[in-house]
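Remarks on the structure that follows.
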Amino acid sequence: MQRTVSYSRTILSQTMPISMANSAGNIHGGEIMKIMDSAAGVAAKRHARSPVVTARVNELEFMTPVHVGDLLICTAELIFVGRTSMEVLVTVEVENLQVEAPPTVALTGYFTMVAIGPDGRPKPVPGLIPETPAEKRRYEERKKIYLERKQAASSARQ
Ligand SMILES: CC(C)(COP(=O)(O)OP(=O)(O)OC[C@H]1O[C@@H](n2cnc3c(N)ncnc32)[C@H](O)[C@@H]1OP(=O)(O)O)[C@@H](O)C(=O)NCCC(=O)NCCS
């Protein structure tokens, strides 16, 4: 079985409460990472239709601060799948609700989620069908990284 990227694309949005802020009024990076992990988890569960765990978080890049009252829009989409693992790109946009301006990208990150079967072990997931030129390009990029990581892990074991 194979599923498209759009099948599992997930958008979570919420306004940022003061309880998530530091004394400067910026939202803690850890709070945002938690929301990103949740969004990645939902997208991966939608694709695999099973429980998942987070195996790796890569290339988290904070570009702009997020403030109390901002609307945070977190989009998670699968960009590659291996046998039991799924690579999810999470993009966080922020929108200042007090001014007339479009949302801007505040941070991005790559989450590797692994599907878990009833026996508690990693379980095979459906294949991924990249459809748009951007999806196809990202799929090939992440496939290369996945294969390089596999090769490095296998060399380290020998
Ligand atoms: C992730 C986990 C299930 C992998 O178990 P494992 O016994 O190493 O299983 P495998 O070696 O068969 O690997 C399963 C898949 O995970 C991938 N994987 C495992 N560790 C990884 C890592 N550190 N980075 C990226 N991918 C990883 C493997 O490449 C494999 O992918 P594939 O099947 O698509 O090729 C296990 O390490 C685990 O449970 N970790 C803790 C997860 C956790 O508690 N997360 C936080 C809360 S959700």
Side-chain angles (χ1 to χ4, degrees), residues 1-17 19-22 26-63 65-66 70-94 105-158:
M1 190 202 300
Q2 292 196 313
R3 289 184 170 138
T4 60
V5 173
S6 58
Y7 175 85
S8 57
R9 184 176 290 122
T10 297
I11 301 175
L12 301 182
S13 56
Q14 68 179 94
T15 50
M16 292 291 98
S19 58
M20 289 186 182
N22 58 26
N26 294 341
I27 302 301
H28 280 292
E31 299 283 1
I32 301 171
M33 285 159 62
K34 188 174 170 190
I35 298 169
M36 294 172 83
D37 189 46
S38 298
V42 174
K45 280 181 209 160
R46 266 186 167 160
H47 182 84
R49 296 289 155 180
S50 72
V52 301
V53 292
T54 310
R56 173 183 288 260
V57 181
N58 264 1
E59 299 175 45
L60 261 186
E61 192 179 349
F62 290 79
M63 297 163 207
V66 182
D70 283 349
L71 178 68
L72 189 122
I73 307 153
C74 190
T75 304
E77 61 183 354
L78 268 68
I79 52 176
F80 176 75
V81 305
R83 196 179 78 84
T84 65
S85 67
M86 296 158 278
E87 194 80 11
V88 186
L89 170 62
V90 182
T91 305
V92 176
E93 293 171 290
V94 283
V105 175
L107 70 156
T108 55
Y110 294 89
F111 289 70
T112 306
M113 316 302 288
V114 177
I116 301 295
D119 60 355
R121 295 291 306 147
K123 152 186 183 253
V125 297
L128 184 68
I129 307 170
E131 292 181 303
T132 67
E135 287 171 5
K136 287 178 183 168
R137 178 180 46 76
R138 279 202 299 250
Y139 184 93
E140 290 305 322
E141 281 170 10
R142 298 317 287 192
K143 181 178 180 181
K144 187 164 173 276
I145 292 169
Y146 166 86
L147 292 173
E148 283 169 0
R149 195 181 293 140
K150 284 274 186 199
Q151 182 62 47
S154 137
S155 303
R157 277 197 298 273
Q158 286 161 12

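Starting from 1, each residue takes its place in the sequence as its number. Just so you know, ligand 1 is whichever comes first in the structure, and atom 1 is the first atom listed for that ligand. Since this is a predicted model, take the numbers as computed values, not measurements.
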Fill in: Enumerated ligand 1 atoms positioned under 4.0 Å from heavy atoms of Thr54
42 (C), 43 (C), 45 (N), 46 (C), 48 (S)
Discussion item. If the cut-off is 4.0 Å to any non-hydrogen atom of Arg121, which atoms of ligand 1 fall inside it?
Written reply: 7 (O), 9 (O)
Worksheet item: Short N/O distance, under 3.5 Å, between Thr112 and ligand 1?
Response: no
Worksheet item: Which pair of heavy atoms, one from Ser50 and one from Lys123, lies closest together, and at what distance?
Response: CB-NZ, 3.4 Å
Discussion item. Heavy-atom distances under 4.0 Å decide this one: backbone, side chain, both or neither, for Pro122 against ligand 1?
Written reply: side chain
Worksheet item: Is there a donor-acceptor contact under 3.5 Å from the side chain of Ser85 to the main chain of Val81?
Response: no
Fill in: Taking atom 31 (O) of ligand 1 as the reference point, the nearest protein heavy atom with its distance
Ser85 OG, 3.3 Å
Worksheet item: Does atom 16 (O) of ligand 1 have a protein non-hydrogen atom under 4.0 Å from it?
Response: yes
Worksheet item: Of the non-hydrogen atoms in Arg83 and Tyr146, which two are nearest, and what is the gap between them?
Response: N-OH, 3.8 Å
Worksheet item: Hey, is atom 41 (C) of ligand 1 under 4.0 Å from any protein heavy atom?
Response: no
Discussion item. Give me the atom names and distance for the closest heavy-atom approach of Arg142 to Glu59.
Written reply: NH1-OE2, 3.5 Å
Worksheet item: Are Lys150 and ligand 1 in contact, using a heavy-atom cut-off of under 4.0 Å?
Response: yes
Worksheet entry | side chain to side chain contact (heavy atoms under 4.5 Å, CB included) partner of Val52, chosen from Arg46, Met86, His47 | Met86
Worksheet, complete the sentence: When distances are taken from atom 14 (C) of ligand 1, the protein heavy atom at minimum range is Thr84 OG1, 3.3 Å
Worksheet item: Is it true that the side chains of Thr112 and Glu87 contain a donor and an acceptor less than 3.5 Å apart?
Response: yes
Item to complete: Output yes when a protein non-hydrogen atom is found under 4.0 Å of atom 9 (O) of ligand 1, and no otherwise.
Response: yes
Worksheet item: In the protein, what heavy atom is nearest to atom 24 (N) of ligand 1, and what distance, to one decimal place, separates them?
Response: Arg56 NE, 2.7 Å
Worksheet item: Is atom 38 (C) of ligand 1 in close reach of the protein, with a heavy atom under 4.0 Å away?
Response: no
Worksheet item: N/O of Arg149 under 3.5 Å from N/O of ligand 1, yes or no?
Response: no
Worksheet item: Taking heavy atoms and a distance under 4.0 Å, where does Arg83 meet ligand 1: side chain, backbone, both or neither?
Response: both
Discussion item. Taking Arg9 first and then Glu135, would you say they form a salt bridge - that is, a charged N and a carboxylate O separated by under 4.0 Å?
Written reply: yes
Worksheet entry | Option of least heavy-atom distance to atom 21 (C) of ligand 1 (set: Ala153, Ala55, Gly41, Pro51) | Ala55
Discussion item. Under 4.0 Å from atom 45 (N) of ligand 1, is there at least one protein heavy atom?
Written reply: yes
Response to the item:
Minimal heavy-atom distance between Leu60 and Leu107, with the atoms involved, is CD2-CD1, 4.2 Å
Fill in: Flag: protein heavy atom within less than 4.0 Å of atom 26 (N) of ligand 1
yes
Worksheet item: Is the closest basic N to carboxylate O distance between Glu140 and Lys136 below 4.0 Å?
Response: no
Worksheet item: So, for atom 29 (O) of ligand 1, does the protein have a heavy atom nearer than 4.0 Å?
Response: yes
Fill in: Nearest heavy-atom neighbours spanning Ala106 and Val66
CB-CG2, 4.0 Å
Worksheet, complete the sentence: Shortest non-hydrogen pair, Val90 vs Ala40, comes out as CG2-CB, 3.9 Å
Worksheet item: Quick one: which ligand 1 atoms are inside 4.0 Å of a heavy atom on Gly82?
Response: 34 (O)
Worksheet item: Protein heavy atoms: any of them under 4.0 Å from atom 1 (C) of ligand 1?
Response: yes
Discussion item. Using the rule given for side-chain contact (heavy atoms from CB on, under 4.5 Å), can you reason through Ile73 versus Ile11, listing the C-alpha separation, both sets of side-chain angles and the distance that settles it, and then say yes or no?
Written reply: CA-CA 7 Å; Ile73 307 153; Ile11 301 175; 3.8 Å; yes
